[in-house]
Every structure is written in C-alpha cells, then in structure tokens.
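First comes the structure, then the notes that go with it.
The sequence lines fix the lettering, A, B, ..., with proteins before strands; numbering per chain opens at 1.
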Protein chains: 2
Amino acid sequence: MAANAEDGVVPLLNPILAKENEDHLYHFGIKRTTVDLPKTFGDVRFVCCGGSPARLTLYAEKFAKDLGLEVGKNLSQTDRYVLYKTGPVLWISHGIGAASLSIMLVETIKLLHYANAKNVTFIRLGTSGGLGVPPGTVVISNGAVNGEVQEFHIQYIRGKKVLRPAIFDEQLWNDLYNLGKELNMPVATGKTMCADDFYEGQSRLDGAFCDYTEKDKFDFLNELHSKGVRNIEMEATCFSAMTHRAGIKAAIVCTTILDRMKGDQVQVEHSDYLDYEMRPYNLVSEYIKKQTGLGNK
Amino acid sequence: MAANAEDGVVPLLNPILAKENEDHLYHFGIKRTTVDLPKTFGDVRFVCCGGSPARLTLYAEKFAKDLGLEVGKNLSQTDRYVLYKTGPVLWISHGIGAASLSIMLVETIKLLHYANAKNVTFIRLGTSGGLGVPPGTVVISNGAVNGEVQEFHIQYIRGKKVLRPAIFDEQLWNDLYNLGKELNMPVATGKTMCADDFYEGQSRLDGAFCDYTEKDKFDFLNELHSKGVRNIEMEATCFSAMTHRAGIKAAIVCTTILDRMKGDQVQVEHSDYLDYEMRPYNLVSEYIKKQTGLGNK
C-alpha cells in the first residue's frame with residue numbers, strides 16, 4: 001500500500017483500523033471521539049520532536065515567545081510524552097531509543113490523519129555524539145545506519161525480522177544544510193548511526209560492561225567514519241524508516257555534544273551545553289518561519 | 001569475566017573503566033567524585049524500577065508513607081529518569097523500551113558498584129498486555145523472549161549481533177509467586193515477550209501501519225501462548241539479560257491491563273487501572289518488608 005500523497009493528508013496505512021470510528025491514542029491519553037481533532041490539529045504543518053520532555057517544552061515556549069503565539073498547556077494526558085502546539089507546529093518528546101520513539105510516531109501519525117492535517121513535515125531535533133566533528137556541530141542526517149551498519153530500521157513482526165529502508169528526504173536535508181550555512185552555523189551533513197544503547201552499542205569504554213579494547217573501539221569508529229557516519233544517536237533508523245514508509249517528509253538535526261574520536265564521557269561545560277542544545281532549534285525554527293511565513297512583519 | 005559474587009558487591013565488568021577515578025553518570029547527572037556515593041547509596045538492597053516517572057514517584061511516596069521513611073527529593077539531576085531513595089530501596093524510572101532501560105541499568109549498576117552496595121536485588125514493576133489471563137493479573141516472569149521468540153536480549157556491538165541469555169532468578173520468581181498466593185492476589189507465572197514497539201511488534205491491529213490480517217495476529221498470539229508466554233511488554237529480555245550478566249538477582253512483576261486475546265485497545269476503567277497499577281507495588285513492597293524486616297513493630 002502506498003502512502004496517500006495525492007491530497008497530502010497524513011495517511012493511515014492500516015485497512016483494519018481505517019474501518020473503526022474510535023481510537024484511543026493510549027500514550028497521549030487522547031480519544032478520537034472525545035476531542036475535535038480536525039479543529040485542534042488540522043492546521044499542523046510541522047512536527048518537531050526530540051528525546052527530552054524538558055527540552056521540547058523549552059523549544060515550544062521559545063517558539064511561542066519568538067513569534068507571539070500561544071504555547072498553551074501540554075496536550076498529552078499522560079507522563080509518557082509531552083505535546084505542545086504553537087500555531088502550525090507540534091512539539092513532542094519521544095523519550096530515549098527507537099522503541100519509545102516508535103510509539104510516539106504511530107500515535108502522532110494517527111492523530112494527524114484523523115485531524116485531516118496535510119503536507120506535514122517531521123523533524124527530530126536531538127543531541128548526539130559526533131564522529132570527527134567538533135562539539136557543537138549541527139549534523140543534518142543524509143542517511144541512517146543501524147547497529148549492523150546497514151541502512152535499515154529493524155522490526156520484529158510476528159516472530160520475523162523485517163527490514164525497513166531508512167531514507168530521508170534529500171531536498172529537505174539539503175535545504176536545512178544550506179540554510180545553516182547561510183546563517184553561519186557550524187553545520188555538517190553525514191550519516192547518523194542509530195544505536196540501541198548508549199554504551200556498548202556505541203563502542204564506549206565507560207559502561208558497566210566492556211569486553212573489547214580501546215583499539216577495537218577506534219577500529220569500529222574509524223570504520224563508521226569511513227562510511228560517512230558523522231554522529232551517533234539512538235533513533236535515526238526508526239525515525240527515517242517510519243516517516244518514509246508513511247510518505248512523510250522528515251529530517252534529523254542533531255547537535256553533537258562531544259567528539260567520540262576524542263573521548264566517551266560527556267564533559268561539556270554547562271553554558272556550552274545550553275548553547276549547543278539550542279542550535280537545532282535555531283536552525284529548524286528559521287526553516288519553519290521561511291516555509292510558513294510566520295514571523296514576517 | 002564472571003560477576004563478582006564473593007563479597008556480594010555489585011560488580012563492574014569493565015576492566016578499562018575500573019582503572020578510572022572519575023565517572024559521570026550522564027543520564028542521572030551524578031559525578032562519582034562530587035557525591036559521597038558509599039554514604040548516600042551504600043545501604044541499597046533493592047532497586048525497584050518501571051517505565052513511568054509518575055508511577056515510580058507514586059510508589060516511592062507510598063513506600064515512604066507506609067513505613068514511616070523519608071522519600072526526600074528526586075536524586076536524578078536530569079529529566080531522563082527519576083530516582084528516589086527510601087531507606088534501602090531505590091525507585092527509578094526507565095522510560096519505554098530496552099534502549100532507554102539499558103542506560104538506566106548501566107548507570108545504576110555503576111552507581112551501586114561505586115557505592116559498594118552489596119547483595120542488591122533488582123525488580124521491574126510494570127504494566128503489560130496479558131495473553132489468556134484476565135486484566136489485573138499480576139504476571140511474575142519466569143522467562144523472557146525477544147521479537148524472534150527466542151530467550152535472548154539482542155545487542156549490536158561494533159557492528160555484530162550479540163545474543164545475551166535472558167534468565168531470571170528462579171528462587172526469586174518462585175518466592176514472589178508464592179507470596180502473591182499467600183496474599184490472595186491474582187498472580188500467575190509465565191514467560192514475558194519483550195517487543196520493540198507497541199503496535200506491529202505486539203501484533204496489534206490498531207497501529208498506523210498493518211500489513212497482516214486478524215487471523216495472522218491470532219495465529220501469532222496463540223503460538224506465543226503455546227510456548228508459555230503470558231504477557232507482552234517492552235523491556236523483559238534486556239532487563240533479565242543485563243542483570244543476569246552482572247550476577248544480580250532480578251525479577252519482573254507486571255500487571256496486565258487487557259487480555260490481548262480479546263482486543264488491542266486499552267479500555268480499562270480509570271478506577272480499575274489505578275487498582276491494577278498498584279498490584280505490583282503491593283506484592284513487591286510486602287516482599288521487601290519480609291526480606292528487610294522493615295515495617296516490623
């Protein structure tokens with residue numbers, strides 16, 4: 001089944017659910033029939049997401065303030081995710097890792113489908129470990145590899161391994177990269193490795209377990225670098241594959257908070273961290289303003 | 001390298017990190033040298049964890065109140081996890097899924113190792129979908145299977161798939177089961193399936209994507225049931241494998257909030273939900289009281 005790109009509405013690629021009238025978006029605590037979803041979410045054009053609820057709240061509040069919009073209250077009724085709406089932009093946290101992210105993506109896609117939202121772009125704004133780029137570099141992903149260094153998101157469905165192509169929208173990452181250059185931001189493009197844990201999965205030497213040597217670690221990081229990987233986080237293959245499968249344009253914009261070629265521990269000064277953390281926001285908010293005309297006098 | 005079981009201290013199975021003096025437990029925001037870890041955490045004997053920060057906070061507060069202990073403030077300095085201490089019990093949230101859990105486990109194991117904590121038991125208290133058991137049943141896991149229905153946690157380390165045996169402590173799950181029976185609680189033992197997502201990974205028909213039929217779904221759920229699986233959640237193989245690898249006794253006690261043989265949507269009444277959600281706490285807190293003598297007059 002192909003994504004329904006004709007009218008631009010976020011598609012529901014589930015013929016069984018398509019016959020139902022009610023749906024409980026369990027992890028947002030939102031029921032389809034008890035909220036007027038088209039009225040509340042029909043105008044959404046961007047979904048901005050990231051792991052940390054506090055950071056996403058900060059971004060939502062800053063965007064509202066910058067543009068004179070209302071941020072309103074957290075629209076998620078559970079403590080699993082936060083969900084803020086500022087005009088045509090949703091700000092949603094997704095927790096750590098592909099599993100947590102996948103729930104947020106499924107329920108957001110269903111929410112926007114029911115809302116009849118059209119031509120929506122999803123952008124993940126995150127932190128990551130850099131590979132051969134200085135801390136503070138904003139990496140715009142042009143591809144994503146999994147723990148086996150293959151460009152797929154791995155699912156297990158009814159006992160079988162299923163590989164979903166992890167593909168980003170080329171126009172979108174090019175546009176974001178060029179805008180970053182225009183704004184004199186320290187941007188780079190490269191592949192992003194999606195790990196399933198922070199320690200052994202990222203070849204760190206500082207976990208509770210370590211069966212490999214420092215040489216093994218650098219051999220692997222050098223292999224990644226030679227294949228075009230410029231940063232490591234924990235969501236990229238899932239994010240790119242699920243949005244691609246739904247025909248939704250998507251990008252990942254991550255700041256790097258250390259260079260893994262130089263260490264494993266995150267030791268950035270707090271003031272630098274606050275600066276680095278805002279860089280994906282600064283780039284993406286400018287992009288949204290250009291696309292929507294918001295903030296024009 | 002075997003777990004250091006001789007003196008009961010939580011082991012650090014990382015010879016490289018063992019040579020370092022400093023360690024930044026990044027996702028708790030705790031540095032080894034700036035907190036007196038033995039003084040603060042040396043008396044810990046139980047780590048109780050679960051996905052939801054609000055639920056773990058509730059459990060910590062209730063345990064403190066029940067036993068006349070101080071709950072104190074959240075000791076985690078980040079918004080990724082909450083961490084409360086009530087006497088010898090830590091209450092820590094781990095978010096959704098194995099990736100998020102793995103970080104919490106690694107940093108908790110390191111924390112307790114540095115604290116010189118001895119003979120610590122880890123228990124996950126969660127919610128789950130039941131398989132052929134009524135909602136509200138408290139399932140005590142006697143095994144865990146991954147998305148390929150194998151009793152392993154899957155890691156990817158330096159590009160290679162590594163399988164870690166997912167094994168629980170038999171004495172512990174037996175003791176918890178027998179205590180549940182004594183307390184007239186609706187307990188069951190069975191294997192727990194650990195899925196990497198909530199929808200397709202659990203054979204649900206109500207996700208944003210669905211390429212299989214209702215018959216396919218039930219064929220798979222029946223296969224799981226015939227193999228002894230009684231509930232599905234998103235952390236069991238990681239939790240059992242990582243604790244087993246470290247030589248830490250561990251158990252999972254999950255309430256079921258629906259019977260997947262009868263549906264996919266969670267539609268339990270709020271008052272029932274609140275009741276079901278407390279059942280793992282009620283069982284585990286009784287177990288801890290018996291083991292520690294806490295709460296004895």
**Report entry** Max heavy-atom pair count under 4.5 Å with chain A, selected residue of A54(B), G201(B), G147(B), A208(B)
**Finding:** A208(B)

Query raised in the report: Is chain A contacted by the side chain of M242(B), its backbone, both, or neither, given a heavy-atom distance below 4.5 Å?
Result: both

Report summary line: Tightest non-hydrogen contact, residues C210(B) and I16(A), listed as SG-CD1, 4.2 Å

**Report entry** From L205(B) atom CG to N14(A) atom CG, the distance as rounded to the nearest 0.5 Å
**Finding:** 7.5 Å

Requested in this report: Would you please classify the geometry between the Y26(B) ring and the F198(A) ring as parallel, tilted or perpendicular, with 30° and 60° separating the classes?
Outcome: parallel

Query - For the student: nearest non-hydrogen atoms of D216(A) and R158(B), plus distance - result: CB-NH1, 3.5 Å

Query raised in the report: Between H27(A), Q267(A), E20(A), which residue shows the highest count of heavy-atom pairs closer than 4.5 Å to chain B?
Result: H27(A)

Query raised in the report: Given that the side chain runs from C-beta out, which part of H113(A) has a heavy atom under 4.5 Å from chain B: side chain, backbone, both or neither?
Result: neither

Report summary line: Shortest non-hydrogen pair, Q265(B) vs D23(A), comes out as NE2-OD1, 2.6 Å

Report summary line: Applying a strict 4.5 Å limit to non-hydrogen atoms, the region of Y156(B) in contact with chain A is both

Report summary line: Assert top hit (heavy-atom pairs under 4.5 Å, partner chain B, pool I109(A), V162(A), D206(A), D197(A)) equals D206(A)

Query raised in the report: For V106(A), is it the side chain, the backbone, both or neither that has a heavy atom under 4.5 Å from a heavy atom of chain B?
Result: both

Report task. Could you have a look at P53(A), A18(A), G51(A), S203(A) and say which one has the most heavy-atom pairs with chain B under 4.5 angstrom? Result -> P53(A)

Report task. Indicate the atoms forming the closest heavy-atom contact of T127(B) with R80(A), along with that distance. Result -> OG1-NH2, 4.4 Å

Report task. Please indicate whether K160(B) has more than 12 foreign heavy atoms, meaning atoms of other residues, nucleotides or ligands, lying under 6.0 Å from its NZ. Result -> no

Query raised in the report: If you measure from CD1 on I96(B) to CD1 on I96(A), what distance do you get to the nearest 0.5 Å?
Result: 11.5 Å

Query raised in the report: Between I157(A) and Y212(B), what is the shortest heavy-atom contact and its length?
Result: CG2-CE2, 3.8 Å

Query - Interchain contact, I257(A) with chain B, by part (heavy-atom threshold 4.5 Å) - result: side chain

Query raised in the report: For residues 259-270 of chain A, which residue pairs qualify under salt bridge (Lys or Arg N to Asp or Glu O under 4.0 Å), counting only residues two or more places apart or in two chains?
Result: K217(A)-D264(A), R260(A)-D264(A)

Report summary line: Applying a strict 4.5 Å limit to non-hydrogen atoms, the region of E214(A) in contact with chain B is backbone

Report task. Tell me, for L105(B) versus chain A, whether the close heavy atoms (under 4.5 Å) come from the side chain, the backbone, both or neither. Result -> neither

Report summary line: All heavy atoms of L17(B) vs all of G207(A), minimum pair found to be CD2-O, 3.4 Å

Query raised in the report: Which of residues 97-104 of chain B get closer than 4.5 angstrom to chain A, counting heavy atoms alone?
Result: G97(B), A99(B), S100(B), S102(B), I103(B)

Query raised in the report: Between Y114(A) and chain B, which part of the residue has a heavy atom less than 4.5 Å away: side chain, backbone, both or neither?
Result: neither

Query - Top of K31(B), E107(B), K161(B) for chain A proximity - count of heavy-atom pairs under 4.5 angstrom - result: E107(B)

Requested in this report: Using non-hydrogen atoms and a 4.5 Å limit, figure out which bit of Y199(A) sits close to chain B: side chain, backbone, both or neither.
Outcome: side chain

Report summary line: Checked M234(B), H24(B), E223(B), M193(B) vs chain A; the most non-hydrogen pairs under 4.5 Å come from H24(B)

**Report entry** Electrostatic pair R245(B)-E200(A), nearest N-O below 4.0 angstrom
**Finding:** yes

